[in-house]
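Quick caveat: nothing in here was measured; it's all calculated off a predicted structure.
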Amino acid sequence: MKRADRLLFRGMLGYSLLVLLVLLALMFVANLIAKSGGPGHGSWGMGKLVTYIALQLPDLAYNLVPLALLLGALIWVSLLNSHSELVALRMSGWSLWRLQRPLLWVGLLGALLTFALGEWVVPYTSPAAEAIWANDGQSGQFQTLPDGGVWLRQGRQLIQIHAIAADGRRLDGLRIVVTAPSLDAVARILEAKEALYRNGAWQLRSVQSHSLSAQQIVSSDISEEPWDVRLDPETLRSFSHPTRTMTLPALWESYQNLQGSVLSMNRFALAFWKRVTYPWVGLVMIWLVVPLVTRNPRGGGLAGRILAGLVLGLAFHFLTEMSGFISISGGIPPVFATVFPLALFASVAWGLQRYYR
């Protein structure tokens, strides 16, 4: 590697690490203040607080690495440009691609770091942080599901579940609507306090049953009743953990299980493809913003180009989030929702390369 390559590589690496450390420090202090009151139950002291926030840092770093690469590239290339080092390199025959190559090596290291954090660090540190916040289970072993729980359909049964145990073998707060064979009327409504999976079968406990017919409604209380349903505890277990704490094989397996048995859901597929594509965001950001700040500052517009680079980075984030929401609702395939923003901005970067070369 030539001296100029080493200079570009070390500067890019140094400023990216500096930005990442500053961002993590700011987030650490902000979380320290926000979480100082504790979860509201059990014992909570400074030791647990610091440990809890420290265990969240890998998750924060996973999300901040692309931003650190973007800001690091903007700062470092702008500094070089202001002192005419880049002008000298361009006049010596370096193309824009040749100039970016050492910077993209740093981006590749950032991609590897992001992938390693997402696969081998965050799936362990985030659950540990959640366990500390729950004070080792004092708040209960159930994961309460948002927005009224999850709805599943199997045969003539419409099932609503409000909470799922960590092992997927115990369900809490169930409502089961059984339709008539013709599917044009409700035949029975069951409200159960919980469901337990034992010996390969489900049992409902503390059940309120309402049988409906054209002539009457018959209500009864049942202490325990067998539940004829094919719900795999391993599949249900996926709902009790955020997708960010799952590895790629676990995400894909959960998605396949849901597709083949209970419900077709895009949440796990979207998380899977985000995990695959997100590490490459930093590389695209470097490729995108470097042409914006490599022109001679005497020509004016340098500050505007830096601002444009930041706006493009934010635009990428919002486009990714928006396409993700559309994908979850079933509007577009998950792979398209994650690949399209990356491909779009890579195309813009390629166009800038052609324009400024």
Open item on the list: L109: which residues meet the side chain to side chain contact (heavy atoms under 4.5 Å, CB included) condition with it, sequence neighbours left out?
Closed with: F9
- [ ] Check whether any side-chain heavy atom of L32 sits under 4.5 Å from a side-chain heavy atom of Y52, and report yes or no.
- [x] no
Open item on the list: For a 4.5 angstrom cut-off between non-hydrogen side-chain atoms, does L20 reach Y15?
Closed with: no
Task: Qualifying salt bridge (charged side-chain N to carboxylate O under 4.0 Å, His left out) pairs with a residue from residues 207-216, counting only residues at least two apart or across chains - done: none
Open item on the list: Please say yes or no: joined through hydrophobic side-chain contacts below 4.5 Å, possibly via intermediate residues, are I176 and I222 part of one cluster?
Closed with: yes
- [ ] Grab the two heavy atoms, one from E85 and one from L79, that are nearest each other, plus how far apart they are.
- [x] OE1-O, 4.3 Å
Open item on the list: In the structure I gave you, are the side-chain heavy atoms of V276 and T338 within less than 4.5 Å of one another anywhere?
Closed with: no
- [ ] Indicate yes or no: at least one non-hydrogen side-chain atom of Q100 is less than 4.5 angstrom from one of L96.
- [x] yes
Open item on the list: I'd like to check the salt bridge (Lys or Arg N to Asp or Glu O under 4.0 Å) partners of E224; sequence neighbours left out, ordered by chain and number.
Closed with: none
- [ ] Taking all non-hydrogen atoms of both residues into account, name the closest pair between A192 and V207 and its distance.
- [x] CB-CG2, 4.1 Å
Task: Contact summary for P66 and V281, nearest pair of heavy atoms - done: CB-CG1, 4.0 Å
Task: Hydrophobic cluster membership, L112 vs L104, 4.5 Å side-chain cutoff - done: no
Open item on the list: Is it the case that over 12 heavy atoms from other parts of the model lie below 6.0 angstrom from the CZ atom of R156?
Closed with: yes
Open item on the list: Give me each pair satisfying salt bridge (charged side-chain N to carboxylate O under 4.0 Å, His left out) with a member in residues 91-104, each pair once, sequence neighbours excluded.
Closed with: D5-R98
- [ ] Give me the one residue out of T320, V335, V339 that meets side-chain contact (heavy atoms from CB on, under 4.5 Å) with T277.
- [x] V339
TODO: Run the numbers on L69 and M12 for side-chain contact (heavy atoms from CB on, under 4.5 Å), then give the verdict.
DONE: CA-CA 8 Å; L69 292 171; M12 174 68 186; 4.2 Å; yes
Task: F115 and L248, any side-chain heavy atoms less than 4.5 Å apart - done: yes
Open item on the list: For a 4.5 angstrom cut-off between non-hydrogen side-chain atoms, does V186 reach V178?
Closed with: no
TODO: Supply the members, apart from L21, of the Ile/Leu/Val/Met/Phe/Trp/Tyr cluster built from side-chain contacts under 4.5 Å; use none for a lone residue.
DONE: none
Task: CH2/W280: more than 12 non-hydrogen atoms of other groups inside 6.0 Å - done: no
Task: Sole residue of L288, I286, V289 in side-chain contact (heavy atoms from CB on, under 4.5 Å) with L70 - done: V289
Task: D59: partners by side-chain hydrogen bond (donor to acceptor under 3.5 Å, both in side chains), with sequence neighbours left out - done: R244
- [ ] State whether the side chain of S347 and the backbone N or O of A343 hold a donor-acceptor pair below 3.5 Å, judged by distance alone.
- [x] yes
Open item on the list: How about CZ on F316, more than 12 heavy atoms from neighbouring residues, nucleotides or ligands closer than 6.0 Å, or not?
Closed with: yes
Open item on the list: Looking only at the aromatic ring of each residue, does the gap between the centers of Y278 and Y62 stay below 6.0 angstrom?
Closed with: yes
Task: Common cluster, L64/L17, ILVMFWY with side-chain heavy-atom separation under 4.5 Å - done: yes
Task: Contacts of type salt bridge (Lys or Arg N to Asp or Glu O under 4.0 Å), residue R90, not counting sequence neighbours - done: none
Task: Verify same cluster id: Y124, L57 (apolar side-chain graph, 4.5 Å) - done: no
TODO: Considering only Ile, Leu, Val, Met, Phe, Trp and Tyr, and joining two whenever side-chain heavy atoms are under 4.5 Å apart, list the other residues clustered with V29.
DONE: I33
Open item on the list: Does any part of the side chain of H210, heavy atoms only, come nearer than 4.5 Å to the side chain of V218, both counted from C-beta?
Closed with: no
- [ ] Taking all non-hydrogen atoms of both residues into account, name the closest pair between S327 and P334 and its distance.
- [x] OG-CA, 3.2 Å
Task: Listed once per pair and sorted, the salt bridge (charged side-chain N to carboxylate O under 4.0 Å, His left out) pairs that draw on residues 275-293, sequence neighbours left out - done: E119-R275
TODO: State, yes or no, whether a side-chain contact exists between Q154 and V229 at a heavy-atom distance under 4.5 Å.
DONE: yes
Open item on the list: In this structure, would L103 and W350 fall into the same cluster of hydrophobic residues linked by side-chain contacts under 4.5 Å?
Closed with: yes
- [ ] Hey, could you give me the CE/CG distance between M285 and L342, rounded to the nearest 0.5 Å?
- [x] 7.5 Å
Open item on the list: Ignoring hydrogens, what is the shortest heavy-atom contact between P341 and S323? Give both atom names and the distance.
Closed with: CG-OG, 3.9 Å
Open item on the list: List the residues meeting side chain to side chain contact (heavy atoms under 4.5 Å, CB included) with M46, not counting sequence neighbours, and say none if there are none.
Closed with: L49, V50
Task: Exercise: identify the closest heavy-atom pair between R188 and S211 - done: CG-OG, 4.0 Å
- [ ] Could you tell me if the ring centre of F345 sits under 6.0 Å from that of W287?
- [x] no
Task: Residues that F336 engages under side chain to side chain contact (heavy atoms under 4.5 Å, CB included), provided they are two or more places apart - done: I332, P333, F340
Open item on the list: Nearest 0.5 angstrom please: K35 NZ to K48 NZ, how far?
Closed with: 15.5 Å
- [ ] Any pair with a residue in residues 198-208 that passes side chain to side chain donor-acceptor pair (under 3.5 Å), sequence neighbours left out, goes on the list, sorted by first then second residue, please.
- [x] E194-R205
